[in-house]
Amino acid sequence: MNKPIVRFAPSPTGYLHIGGARTALFNWLYAKKNGGKFLLRIEDTDLERSKSEYIDQITDALSWLGFDWNDNVILQSKNKSRHEEVVNHMIQAGTAYRCFLSKEELDALRKESEKKKELFRVPKTYRDYSLEQHQALIDEGKSFTVRLKIPDGITEFTDLVYGTIKVNNKELDDFIIARSDGSPTYNFVVAIDDSDMNISHVIRGDDHLANTPKQILVYKALGLTLPTFAHLPMILGSDKKRLSKRHAATNVQEYKEKGFTATAMINYLSLLGWNPDSDQEIFNINELVGAFNFSQVQKKPATFDEKKLLWVSGQQMAQIEVSTVIKEIEILDSSWGVNQDSKYKNDVIALVKDRSKTLNDIIEVSDVFFKEDISHNEEMSKKILDDSSIQIITDLHEALNIEDNWRKDTLESIFDNLMTQHELGLGKLIKPVRFALTGLGYGPGIFDMIILLGKDRCLNRLSKAVKL
RNA sequence: GGCCCGUUCGUCUAAUGGUUAGGACUCAUGGUUUUCAUCCAUGCAAUAGGAGUUCGAUCCUCCUACGGGCUACCA
């Protein structure tokens, strides 16, 4: 088998959203798994809506995810003359024809059919006109579109996900391949470009499933070799509607900013609409490449569930190396940990990492170790720092102040004394102490934390908390 | 309206012509951690509905319902 060539073909009318990322992922996985090529084509022919800044956003997001594409980015708009050339060729060859029906005429006919509750079909008035007749009408100054001459018969193809799809060509109008301004339409150019790029596998969202027969008809009219098609089910929001801007976060970039690693995103996305045929849920990229298979891709749409994403992210966080975490965080927040000793940074991350679900969780907690001054939420202060808590903190301050052996065992005995002194369990002691020390209601083990913070910081914070 | 696609716990999914319909997330409860998180255990929870084929259908067929997509001189 030849090495597959696949492509991801977003239109630059917005940022890269979750659905697009999943499509890109499956393309990329398939290419990687089979030693093929993953190409990137930007479908920027809709001049009204396409913006170059979106191209940058999309390529940035793809790079962040690690979907490195082969060759240069292909801009569809650059293929304009090629598209026009093919249209002309098809007119000459008789596989397409000029249609002189105006948009207004068609709209009127469409409305009429609707009124009569009849099925509307584009009239094939000009289908069999000769090229001379075309010229005569052009000379009259009539404008025209170009339509594909769809033959009788059945168009059938085997989708890697959906199986055999069959459509009677009668259901299809002679659709427009070039508008009256000469610009080619989507279902036409996509076929030409995919063919020109030698795409072997067209992997895309299933919103394109119904258009596939039209594209196949273009391939056939030109005698081109058909690619294999694989359509992916949609990703839905929690309301079961197609994921769109109405939903909370659909932009890949937003998830990056929320502190999810690319690995976690990819891991979660891979599980939407695909299963590894095993109970494994946590994958690194290589495992995913090895396991991916179209036979395990679902046909039904999947709902995006941020709760599960968080869980996947937490699982990934437990496996990720401290040095990697530091790199990732520094990419995310360049001000993080500046002027901090690198051994200290390592220790902080090692302490905090396993109880964090996202990089942002880590950033939040690690702040406590980097900043001299921490803030205490007023409401929580009132709730936690009652008289007995203040007494505990005062006593602890006193004991720590005269303790020079800053070790776990000495700290433990200090807390033992406090426990007997106040007749409280360790849990009751920890809560106010942690709050005094960090301003947080959660965090790493208390002894580890005290050791890492160091004596000065601990004493300062304890005495500050007493005054709150 | 027409065409195409789909429908298993709330969510992601597994299974097979014969299972107590399995796992994961969420949620609840308990345990571990003398805190929180993690972790572990237990529990709640599903084959859209109706016909047919069959000794037996979640699985095969048909119908209905529901959902999605396409049906544009958008991509």
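In what follows, chains are A, B, ... by sequence order, proteins preceding strands, each numbered from 1.
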**Item:** Toward the 5' end of RNA chain B, by each residue's nearest nucleotide, A/L426 or A/Q298
**Value:** A/Q298

**Request:** Nearest-nucleotide wise, let me know which of A/A9 and A/I165 is further upstream toward the 5' end of RNA chain B.
**Result:** A/I165

Round to the nearest Å and state the distance from [X] atom [atom1] to [N] atom [atom2].
X	N	atom1	atom2	answer
A/K299	B/rC59	NZ	P	15 Å
A/Y162	B/rG6	OH	P	7 Å
A/Y268	B/rC12	OH	P	8 Å
A/L429	B/rU35	CG	P	12 Å
A/E156	B/rC3	CD	C1'	16 Å
A/K300	B/rU47	NZ	P	13 Å
A/F175	B/rG2	CZ	P	23 Å
A/N169	B/rC4	CG	P	13 Å

Distances under 3.5 Å between nitrogen or oxygen atoms of protein and nucleotides 27-33 of chain B:
none

Is there a Watson-Crick or G-U wobble partner for [N] with both distances under 3.5 Å, and if so, which one is it?
N	answer
B/rC27	B/rG43
B/rG56	none
B/rA65	B/rU7
B/rA15	none
B/rC70	B/rG2
B/rU38	none
B/rU20	none

Separation of the [atom1] atoms in [N] and [M], to the nearest angstrom:
N	M	atom1	answer
B/rC40	B/rA46	P	25 Å
B/rA24	B/rC44	C1'	16 Å
B/rA28	B/rC9	C1'	16 Å
B/rC12	B/rG68	P	15 Å
B/rU19	B/rU35	C1'	44 Å
B/rG22	B/rU58	C1'	14 Å
B/rA45	B/rG10	C1'	8 Å
B/rU11	B/rG17	C1'	29 Å

**Prompt:** Does A/Q315 make a side-chain N or O approach to OP1 or OP2 of B/rC39 shorter than 4.0 Å?
**Reply:**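 Answer is yes, contact under 4.0 Å.
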
**Message:** Does B/rU11 have OP1 or OP2 under 4.0 Å away from a side-chain N or O of A/T303?
**Reply:** no

Under 6.0 Å from the [atom1] atom of [X], do we count more than 12 heavy atoms belonging to anything else shown?
X	atom1	answer
A/E53	CD	yes
A/E118	CD	yes
A/D152	CG	no

**Request:** Answer yes or no: is there an ion pair linking A/K299 with A/D206, defined by an N-O contact shorter than 4.0 Å?
**Result:** no

Using a cut-off of 4.0 Å on non-hydrogen atoms, how would the nucleic acid contact of [X] be classed: base, sugar-phosphate, or nothing?
X	value
A/G445	base
A/L271	sugar-phosphate
A/G443	base

**Prompt:** Roughly how far, to the nearest 0.5 Å, is NZ of A/K258 from CG of A/L310?
**Reply:**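 A/L310 CG to A/K258 NZ: 8.0 Å, rounded to 0.5 Å.
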
**Asked** Which value, rounded to the nearest 0.5 Å, describes the distance between A/M90 atom CE and A/I192 atom CD1?
**Response**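 If we round to the nearest 0.5 Å, A/M90:CE and A/I192:CD1 are 6.5 Å apart.
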
**Message:** What I want to check is whether an N or O donor and acceptor connect the side chain of A/R355 with the base of B/rU38 at under 3.5 Å.
**Reply:** no

**Prompt:** Can you say whether the rings of A/H231 and A/F229 are parallel (under 30°), tilted (30 to 60°) or perpendicular (over 60°)?
**Reply:** parallel

Sub-3.5 Å pairs of nitrogen or oxygen atoms, protein against nucleotides 67-73 of chain B:
residue, atom, partner, partner atom, Å
B/rG68, OP1, A/K241, NZ, 3.3
B/rG69, O2', A/D207, O, 3.2
B/rC70, O2', A/N211, OD1, 3.4
B/rA72, OP2, A/R110, NH1, 3.4
B/rC73, O3', A/R179, NE, 3.4
B/rC73, O2, A/S180, N, 3.0
B/rC73, O2, A/S180, OG, 2.8
B/rC73, N3, A/S180, OG, 2.9
B/rC73, N4, A/K103, N, 3.3

**Fill in**
Regarding the side chain of A/K357, the nearest nucleotide among B/rA75, B/rU38, B/rG23 is B/rU38

**Request:** Return the nearest nucleotide to the side chain of A/Y186; candidates are B/rU35, B/rA75, B/rA24.
**Result:**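 When the side chain of A/Y186 is considered, B/rA75 is the closest of B/rU35, B/rA75, B/rA24.
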
**Prompt:** Has A/K142 got its NZ or CZ under 6.0 Å from the middle of the six-membered ring of A/F100, at an angle within 45 degrees of the ring axis?
**Reply:** no

**Asked** Within a strict 4.5 Å, meaning less than it, do heavy atoms of the A/F188 and A/V146 side chains meet?
**Response** no

**Request:** From the options A/K149, A/R127, A/R147, select the one residue that forms a salt bridge (charged side-chain N to carboxylate O under 4.0 Å, His left out) with A/D174.
**Result:**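 Running salt bridge (charged side-chain N to carboxylate O under 4.0 Å, His left out) over A/K149, A/R127, A/R147 with A/D174 returns exactly one hit, A/R127.
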
**Request:** Walk me through it: do A/R407 and A/D409 pass the test salt bridge (Lys or Arg N to Asp or Glu O under 4.0 Å)?
**Result:** CA-CA 6 Å; A/R407 293 193 317 264; A/D409 58 335; 3.0 Å; yes

**Request:** Let me see the working for A/E85 and A/R82 under salt bridge (Lys or Arg N to Asp or Glu O under 4.0 Å), right down to the final yes or no.
**Result:** CA-CA 5 Å; A/E85 179 193 314; A/R82 161 74 178 149; 3.7 Å; yes

